[in-house]
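Order of the sequence lines sets the chain letters (A, B, ...), proteins ahead of strands, with each chain counted from 1. No experiment lies behind these values; they were computed from the predicted model shown.
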Amino acid sequence: MQRFGRRLQRSFFDRDVDEVARDLLGRVIAVDHAGLRVAVRLTEVEAYAGLEDPASHAFRGRTPRSSIMFGPAGHLYTYFVYGMHWCANIVAGPVGDASAVLLRAGEVVDGVDTARLRRSRVTRDTELARGPAGLATVLAFDASSNGTDLCRPDGEVALFTGEPPLASAVRIGPRVGVAAAAEIERRFWIEAEPSVSAFRAWTPRKRTAGPAAALRKR
DNA sequence: CCATTGATCGTCT
DNA sequence: GACGATCAATGGT
């Protein structure tokens, strides 16, 4: 789509994951699904640096879930969390590096009507793609999206150049909801963007399983 | 505005 | 068997 610039090539993703994450801000990810297009301008992302990063899904080596991360850059890595949400990453760096960028938030710039239908409980458009699960829902990402190549010229998922933000508008801080390596700053976002989710430091949760939960189920 | 919490299941130990 | 790269409803300030 000319409107959002050129489709990004594999070389864009095949670099240091922190650089890729930083450079993804302002880019536009477009998905054609069921004959409908939704496009999102990325405003918040997080880098996960493969085997060396305790917070990464690849930290403990290759598993069935993390196997896509060990493959070539520019492919989607989707995963299921908390028993109900899907989240999406883009694999970055050389093969075997197992790094990826979590797509945390964005602004819906095309297909707003479709996005509203997919997020029926959301009232404000700025919240349609706020948070990784909301963003994934708007773009119809799920198990079947895992491994999708963003760099195929005819692919139904694509990343376009868009318009990168001013360097002065980019902020860097700790990742959201991450217990491991909480001091590392690998979250990148665009300042003063209404679609960016609020920062929440990791906090221990009250027990949700155990005797009380078992009783509740009866 | 902010803090708390239930829902729900794939993944890995 | 425990827990998680979460969301949205709820209730208080």
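Using a 4.0 Å cut-off between charged nitrogen and carboxylate oxygen, A/Arg22 and A/Glu19 do not count as a salt-bridge pair. With respect to A/Asp149 and A/Arg152, no salt bridge is recorded, no charged nitrogen being found less than 4.0 Å from a carboxylate O. With respect to the salt-bridge test (charged N to carboxylate O, under 4.0 angstrom), the residues A/Arg130 and A/Glu107 do not qualify.
Spacing between atom CD of A/Glu44 and atom C1' of C/dA5 amounts to 11 Å, rounded to whole angstrom units. In this structure, NE2 of A/His57 is placed 12 Å from P of B/dT13, rounded to the nearest angstrom. One can place OH of A/Tyr82 at 12 Å from C1' of B/dT8, the figure rounded to the nearest angstrom. Counting to the nearest Å, the P atom of C/dA5 and the CE atom of A/Met69 are 11 Å from each other. Atom pair A/Ile68:CD1 and B/dT11:P shows a separation of 13 Å (rounding to whole Å applied). Put simply, OH on A/Tyr79 is 18 Å from P on C/dC3, counting in whole angstrom units. The CZ-P distance, from A/Arg187 to C/dT6, rounds to 11 Å in whole Å. The separation between A/Leu102 atom CG and C/dT6 atom C1' is 11 Å, rounded to whole Å.
When both distances must be under 3.5 Å, the Watson-Crick or G-U wobble mate of B/dT8 does not exist. Under the Watson-Crick or G-U wobble criterion, with both distances below 3.5 Å, C/dA5 has no partner in any strand shown.
Of the candidate nucleotides C/dA5, B/dC12, B/dC9, B/dC12 has the atom lying nearest to any side-chain atom of A/Arg65. Side-chain proximity of A/Thr63 to C/dA5, C/dT6, B/dC12: nearest is B/dC12. The side chain of A/Met84 lies closest to B/dA7, out of B/dA7, C/dC7, C/dA5. Side-chain proximity of A/Phe80 to B/dA7, B/dT13, B/dG10: nearest is B/dG10.
For A/Trp86 and A/Phe80, the gap between ring centers is short of 6.0 Å.
Remark: nothing in residues 115-132 of chain A comes within less than 4.0 Å of DNA chain B through any heavy atom. Listed by residue number, the members of residues 134-150 of chain A with any heavy atom below 4.0 angstrom from DNA chain C are A/Gly134.
A/Arg15 forms no cation-pi arrangement with A/Phe13, by the criterion of a distance under 6.0 Å to the ring centre and an angle within 45° of the ring axis.
Follow the hydrophobic side-chain contacts under 4.5 Å out from A/Leu128 and you reach A/Leu139 in the same cluster.
Heavy-atom neighbours of A/Glu185 CD from other residues, nucleotides or ligands within 6.0 Å: above the threshold of 12.
Using a 4.0 Å heavy-atom distance criterion, A/Ala133 is classed as a sugar-phosphate-only contact.
The minimum heavy-atom distance between A/Val17 and A/Ser99, with the atom names listed, is CB-CB, 3.7 Å.
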Run the numbers on A/Arg186 and A/Glu46 for salt bridge (charged side-chain N to carboxylate O under 4.0 Å, His left out), then give the verdict. CA-CA 6 Å; A/Arg186 286 209 160 105; A/Glu46 283 174 358; over 6 Å; no

Using residues 67-77 of chain A as the side-chain source, report each donor-acceptor pair under 3.5 Å to any protein atom, sequence neighbours left out, with the distance given to one decimal.
residue : atom : partner  : partner atom : Å
A/Ser67 : OG   : A/Pro64  : O            : 3.1
A/His75 : ND1  : A/Gly147 : O            : 3.0
A/Tyr77 : OH   : A/His57  : ND1          : 2.7

